[in-house]
Amino acid sequence: MFEHYYTEKPTSILKVKIVELKLKNGHVYRFKSPSGVYSFGKIDRATKILIENSRINYGDVLDIGCGYGVIGITLKKENPDINLYMSDINERAVEFAKINSKDNNIEADIRHGYLYEPWDNVNFNHIISNPPIVAGKQVWMKLIEGAFEKLRGGGTLELVAYHNKGGKRIKEYMRSIFGNVEELCKEGGIRVYSSKKL
């Protein structure tokens with residue numbers, strides 16, 4: 001039976017692979033990638049493109065749906081002024097985000113839970129995500145709506161998606177909630193979208 005990575009308690013047998021992220025600037029980061037967590041055994045192109053084109057470099061930053069921590073950890077390593085927060089609905093993802101944070105020598109507040117539930121009394125300067133498109137539009141719509149609530153004034157939401165596989169709808173929904181959206185990057189069908197809370 002296929003088990004979806006957007007699962008609270010993965011039941012697949014745990015396998016761990018070491019994956020490497022090499023950035024355009026030559027920096028290399030290593031992560032432990034567990035089975036049952038997106039994307040097992042490799043760093044997907046959309047995640048790499050999001051990291052390399054993000055404009056986030058300071059403040060309280062939430063990596064929501066963090067998986068095993070690649071986006072948040074890399075941003076923090078590249079921008080030490082970030083205060084990093086990460087969360088995921090998948091317990092195994094949270095466990096490995098903690099392991100990878102420790103292995104990469106960074107401090108982060110990492111919590112388990114659905115979307116913004118772990119962050120009741122916390123607000124952020126920036127929110128970033130490679131959203132779980134396959135979990136259905138209710139999830140990514142709530143992610144965008146919740147970001148508007150959780151961001152401080154002037155804060156940004158950055159999302160990545162394949163433009164023709166749901167990305168176009170994500171872009172228009174960001175515009176409808178925030179009143180603005182821009183494309184930070186177009187690369188091989190992948191787009192990085194950013195909206196600002198004015």
Side-chain angles (χ1 to χ4, degrees), residues 5-6 10 12-112 124-134 143 156-163 165 167 170 182-194:
Y5 67 84
Y6 199 75
S12 56
I13 292 163
L14 176 61
K15 297 174 188 163
V16 180
K17 292 185 178 177
I18 304 296
V19 296
E20 259 191 10
L21 173 64
K22 187 169 185 180
L23 301 179
K24 283 178 191 162
N25 62 14
H27 296 174
V28 178
Y29 300 107
R30 287 177 186 82
F31 301 91
K32 291 185 173 110
S33 165
S35 54
V37 176
Y38 183 82
S39 56
F40 175 52
K42 65 184 189 347
I43 291 168
D44 70 294
R45 274 184 63 228
T47 290
K48 185 170 190 265
I49 287 169
L50 175 61
I51 291 165
E52 292 192 322
N53 292 281
S54 173
R55 292 184 185 165
I56 295 170
N57 55 18
Y58 74 94
D60 296 330
V61 178
L62 173 62
D63 175 4
I64 190 160
C66 65
Y68 52 89
V70 176
I71 295 169
I73 290 167
T74 307
L75 280 185
K76 171 76 173 166
K77 292 295 282 187
E78 293 289 310
N79 305 282
D81 288 344
I82 282 173
N83 302 313
L84 180 60
Y85 301 78
M86 298 194 283
S87 62
D88 203 290
I89 193 169
N90 183 320
E91 286 182 346
R92 191 177 288 175
V94 170
E95 179 191 346
F96 275 82
K98 289 177 179 175
I99 289 167
N100 285 321
S101 293
K102 198 174 173 193
D103 288 353
N104 282 281
N105 241 344
I106 67 143
E107 278 186 29
D109 185 341
I110 305 169
R111 303 184 190 183
H112 170 253
F124 304 97
N125 298 104
H126 305 284
I127 296 171
I128 191 166
S129 187
N130 181 350
I133 307 287
V134 291
L143 191 154
T156 59
L157 169 66
E158 290 184 356
L159 299 180
V160 66
Y162 283 85
H163 195 63
K165 294 183 187 169
I170 285 174
E182 67 172 312
E183 290 184 4
L184 303 185
C185 168
K186 298 179 186 184
E187 195 173 312
I190 294 168
R191 304 284 190 276
V192 176
Y193 308 112
S194 176

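Being a predicted model, the structure only gives us computed values, none of them experimental.
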Heavy-atom nearest pair, Pro34 first then Lys32, reads CD-O, 3.5 Å
Start with the C-alpha distance between Leu157 and Ser194, add both sets of side-chain angles, then the distance that settles side chain to side chain contact (heavy atoms under 4.5 Å, CB included), and finish with yes or no.
CA-CA 6 Å; Leu157 169 66; Ser194 176; over 6 Å; no
Shortest non-hydrogen pair, Lys15 vs Phe40, comes out as O-CE1, 3.5 Å
Worksheet item: Short question: side chain of Glu158, backbone of Arg55 - any donor-acceptor pair under 3.5 Å?
Response: yes
dist Ile133:CD1 -> Lys165:NZ (nearest 0.5 Å) comes out at 11.0 Å
Exercise for review: Evaluate the side-chain proximity of Val192 to Ile49: yes if any heavy-atom separation is below 4.5 Å, no if none is.
Suggested key: yes
Minimal heavy-atom distance between Ser54 and Ile128, with the atoms involved, is OG-CD1, 3.9 Å
Sequence neighbours excluded, the answer for side chain to side chain donor-acceptor pair (under 3.5 Å) partners of Lys42 is none
Side-chain heavy atoms of Thr74 within contact of Thr47, under 4.5 Å: no
For Asn90 and Gly36, the nearest pair of non-hydrogen atoms, with its separation, is ND2-O, 2.9 Å
### Query
With distance as the sole test, does Asp88 use its side chain to make a donor-acceptor pair with the main-chain N or O of Val94 at under 3.5 Å?
no
request  = Could you tell me whether a side-chain N or O of Asn130 sits under 3.5 Å from a main-chain N or O of Ala46, the two making a donor and an acceptor?
outcome  = no
In this structure, OH of Tyr29 is separated from CD1 of Ile106 (nearest 0.5 Å) by 10.5 Å
When you look at Phe124 and Ile64, which way does the side chain to side chain contact (heavy atoms under 4.5 Å, CB included) test go after all the steps? CA-CA 11 Å; Phe124 304 97; Ile64 190 160; over 6 Å; no
Separation between NZ (Lys48) and CG (Asn53), nearest 0.5 Å, reads 10.0 Å
Rounding to 0.5 Å, atoms NZ (Lys98) and SG (Cys66) come to a distance of 10.0 Å
Item to check | Distance-only side-chain donor-acceptor flag, Tyr38 / Asp44, under 3.5 Å | outcome: yes
Here the gap from Leu50 atom CG to Ile71 atom CD1, rounded to the nearest 0.5 Å, amounts to 5.0 Å
Parallel, tilted or perpendicular: ring planes of Tyr58 versus His126, cut at 30 and 60 degrees: perpendicular
- Item | Student check: side-chain heavy atoms of Tyr193 and Glu183 closer than 4.5 Å | yes
On a heavy-atom basis, the closest approach of Ala108 and Met86 is CB-CE, 4.2 Å
Taking every heavy atom of Ile170 against every heavy atom of Ala161, the minimum-distance pair comes out as CD1-CB, 4.1 Å
Sorted by chain and number, sequence neighbours left out, side chain to side chain donor-acceptor pair (under 3.5 Å) with Ser87 holds for Trp119
Check for a donor-acceptor pair, side chain of Glu52 on one end and backbone N or O of Lys24 on the other, with a separation under 3.5 Å.
yes
Only one of Asp103, Ile99, Leu21 passes side-chain contact (heavy atoms from CB on, under 4.5 Å) with Phe31, and that residue is Leu21
Quiz item: Any donor and acceptor pair, going by atom type alone, linking the side chain of Asn100 with main-chain N or O of Tyr68 inside 3.5 Å?
Solution: yes
Check: Lys17 side chain, Ser33 main-chain N or O, donor-acceptor pair, under 3.5 Å | no
Item checked: Exam field: side chain Asn125 to backbone Gly59, donor-acceptor pair closer than 3.5 Å -> no
- prompt: Within the side chain of Lys77, is there an N or O that forms a donor-acceptor pair under 3.5 Å with the backbone of Asn104?
  reply: yes
- Would you say the side chain of Glu78 lies within less than 4.5 Å of the side chain of Ile51, judging by non-hydrogen atoms? no
- Just by modelled atom types, is the Ile82 backbone N or O under 3.5 Å from a matching donor or acceptor in the Asn79 side chain? no
dist Ile110:CD1 -> His112:NE2 (nearest 0.5 Å) comes out at 13.0 Å
Discussion item. Tell me if a side-chain donor or acceptor on Ser101 pairs with a main-chain N or O of Ala97 at a distance below 3.5 Å.
Written reply: yes
